[in-house]
Colleague: 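Take a look at the following structure, please.
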Amino acid sequence: MAVKKAAVTKAAVTKAAKKPAAKKPPQSMPYDQGKWAHVFAPRAPGETRYWLIKSEPDVFSFQDLQAAPQQTTQWDSVRNTGARNFLRDGMKTGDLAFYYHSNAEPSGIVGICEVVREGYPDSTALDPSHDYYDPASVAATPTWFMVDVRAVEPLSRAVTLPELKASDELREMALLKVSRLSVVPVTAAEWQVVLRMSRSR
DNA sequence: GCCAACGTTGGC
DNA sequence: GCCAACGTTGGC
């Protein structure tokens with residue numbers, strides 16, 4: 001059963017872009033040589049890494065995850081290559097992830113979940129009847145991947161986007177630096193800062 | 001391979 | 001609803 005969680009298609013009509021492009025875009029490079037190389041680097045024995053996954057609560061909230069069988073779901077329907085690389089090659093079983101509610105009131109980090117199955121082909125991309133079917137992705141060489149995540153616990157208090165932005169210690173947080181990636185890495189230091197914020201007040 | 005058009009995310 | 005950011009597509 002495939003639940004759409006990321007890359008939610010809006011019914012709204014998108015206006016055509018109209019500004020002349022002036023800049024030249026940075027050359028894209030292999031993900032393991034770019035600024036995210038460290039999240040794909042070999043790990044120390046037993047090392048846990050941290051992530052943040054976004055979902056619109058109207059589509060699939062943290063409460064929905066808690067209510068799911070085994071409090072687990074497939075993190076499917078991601079159709080962005082950067083996020084795909086994190087799902088396919090970065091996240092390992094036992095890693096922890098913040099659960100972020102986007103397009104919410106307020107947007108923010110609301111819970112913690114755990115990776116319980118490492119990247120495997122996203123079945124929604126292979127199913128012609130699915131809204132997120134991608135004919136370019138075939139079973140033998142799948143383009144899109146997903147992981148399974150299980151709810152661990154809600155934060156005792158949600159940490160909102162304005163709070164995250166206001167923190168000097170989170171100035172370099174990927175969530176705040178790179179827009180529109182539905183899966184982003186979180187450093188161990190940032191993880192602790194957010195937890196501390198969630199426990200305050 | 002370049003780059004303009006187009007599509008999507010998500011904050012505001 | 002608007003639009004900045006940025007990824008993808010496709011004509012050439």
Side-chain angles (χ1 to χ4, degrees), chain A residues 2-37 39-40 51-65 73 75-91 97-111 113 119 122 124-126 130-138 141-147 149 155 158-167 170-186 190 194 197:
Chain A
V3 183
K4 303 177 193 72
K5 283 169 285 293
V8 178
T9 302
K10 301 286 197 331
V13 175
T14 320
K15 279 207 337 194
K18 52 197 168 197
K19 53 153 189 206
K23 72 310 91 190
K24 68 176 28 239
Q27 189 64 20
S28 67
M29 61 181 66
Y31 67 82
D32 57 351
Q33 295 172 25
K35 61 180 169 184
W36 303 118
V39 310
F40 301 104
W51 309 88
L52 179 148
I53 60 177
K54 300 181 187 176
S55 181
E56 301 189 26
D58 289 348
V59 177
F60 197 84
S61 68
F62 188 71
Q63 290 72 25
D64 292 329
L65 178 59
T73 195
W75 206 255
D76 61 33
S77 305
V78 173
R79 298 290 182 271
N80 171 282
T81 55
R84 183 279 312 278
N85 293 342
F86 296 142
L87 291 169
R88 185 186 61 190
D89 303 323
M91 301 170 102
F98 285 134
Y99 200 105
Y100 178 88
H101 281 170
S102 60
N103 267 324
E105 196 51 54
S107 293
I109 297 171
V110 298
C113 54
D122 183 339
T124 68
L126 304 173
H130 197 279
D131 286 349
Y132 289 89
Y133 173 61
D134 179 1
S137 182
V138 295
T141 55
T143 304
W144 306 113
F145 285 72
M146 59 187 174
V147 300
V149 294
L155 296 189
V159 180
T160 66
L161 180 59
E163 289 181 86
L164 297 170
K165 285 180 166 178
S167 168
L170 299 178
R171 190 166 295 166
E172 298 302 314
M173 196 174 188
L175 173 72
L176 307 178
K177 303 276 286 189
V178 221
S179 56
R180 286 139 197 101
L181 261 186
S182 60
V183 179
V184 285
V186 173
E190 291 162 352
V194 173
M197 292 170 74

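By convention in this document, chain letters (A, B, ...) are assigned in the order of the sequence lines, proteins followed by strands, and residues within each chain are numbered from 1.
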Colleague: Residues in salt bridge (charged side-chain N to carboxylate O under 4.0 Å, His left out) with Glu105(A), at least two apart?
Modeller: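 Partners of Glu105(A) by the salt bridge (charged side-chain N to carboxylate O under 4.0 Å, His left out) criterion come out as none, since no residue qualifies.
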Colleague: Looking at Asp122(A) and Arg84(A), does any basic side-chain N land under 4.0 Å from a carboxylate oxygen?
Modeller: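 Arg84(A) and Asp122(A): not salt-bridged.
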Colleague: Once you round it to whole Å, what is the distance between C1' of dG11(B) and CD of Glu163(A)?
Modeller: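 So the two atoms are 16 Å apart, to the nearest Å.
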Colleague: Choosing from dG10(B), dG11(B), dT8(C), which nucleotide comes nearest the side chain of Leu161(A)?
Modeller: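 Taking heavy atoms from C-beta onward, the closest nucleotide is dG11(B).
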Colleague: Round to the nearest Å and state the distance from Asp134(A) atom CG to dG7(B) atom C1'.
Modeller: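 To the nearest whole Å, that distance equals 15 Å.
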Colleague: Please report, rounded to the nearest Å, how far the P atom of dC12(B) is from the CD atom of Glu105(A).
Modeller: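 In whole Å, dC12(B) P lies 10 Å from Glu105(A) CD.
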Colleague: Among Thr143(A), Asp134(A), Thr124(A), exactly one meets side-chain hydrogen bond (donor to acceptor under 3.5 Å, both in side chains) together with Arg79(A). Which residue is that?
Modeller: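 It is Thr124(A); the other options fail the test.
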Colleague: Can you measure Lys165(A) atom NZ to dC12(B) atom C1' for me and round it to whole angstrom units?
Modeller: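 Distance, rounded to whole Å: 8 Å.
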Colleague: Whole angstroms only, please: what is the CZ-P distance between Arg84(A) and dT8(C)?
Modeller: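 Roughly 9 Å, once rounded to whole Å.
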Colleague: Given atom CG of Asn80(A) and atom C1' of dG7(B), what is their separation to the nearest angstrom?
Modeller: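 Atom-to-atom, Asn80(A) to dG7(B), this comes out as 13 Å.
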Colleague: Are Ser107(A) and dG10(B) close enough that a side-chain N or O sits under 4.0 Å from OP1 or OP2?
Modeller: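 So the side-chain polar atoms of Ser107(A) never come under 4.0 Å of the phosphate oxygens OP1 or OP2 of dG10(B).
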Colleague: My understanding is that only residues two or more places apart in sequence, or in another chain, count here; which of them pass salt bridge (charged side-chain N to carboxylate O under 4.0 Å, His left out) with Lys165(A)?
Modeller: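 Salt bridge (charged side-chain N to carboxylate O under 4.0 Å, His left out) check on Lys165(A) returns nothing, list empty.
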Colleague: Specify the separation, in whole Å, of atom CG of Leu175(A) and atom P of dG11(B).
Modeller: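 Computing the Leu175(A):CG to dG11(B):P distance gives 8 Å.
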Colleague: Using OP1 and OP2 only, check whether a side-chain N or O of Tyr100(A) sits under 4.0 Å from dG11(B).
Modeller: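 Checking dG11(B) against Tyr100(A), a side-chain N or O does come within under 4.0 Å of OP1 or OP2.
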Colleague: For Phe86(A) and dG7(C), give me the distance from atom CZ to atom P, rounded to whole Å.
Modeller: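 One finds 11 Å between P of dG7(C) and CZ of Phe86(A), rounded.
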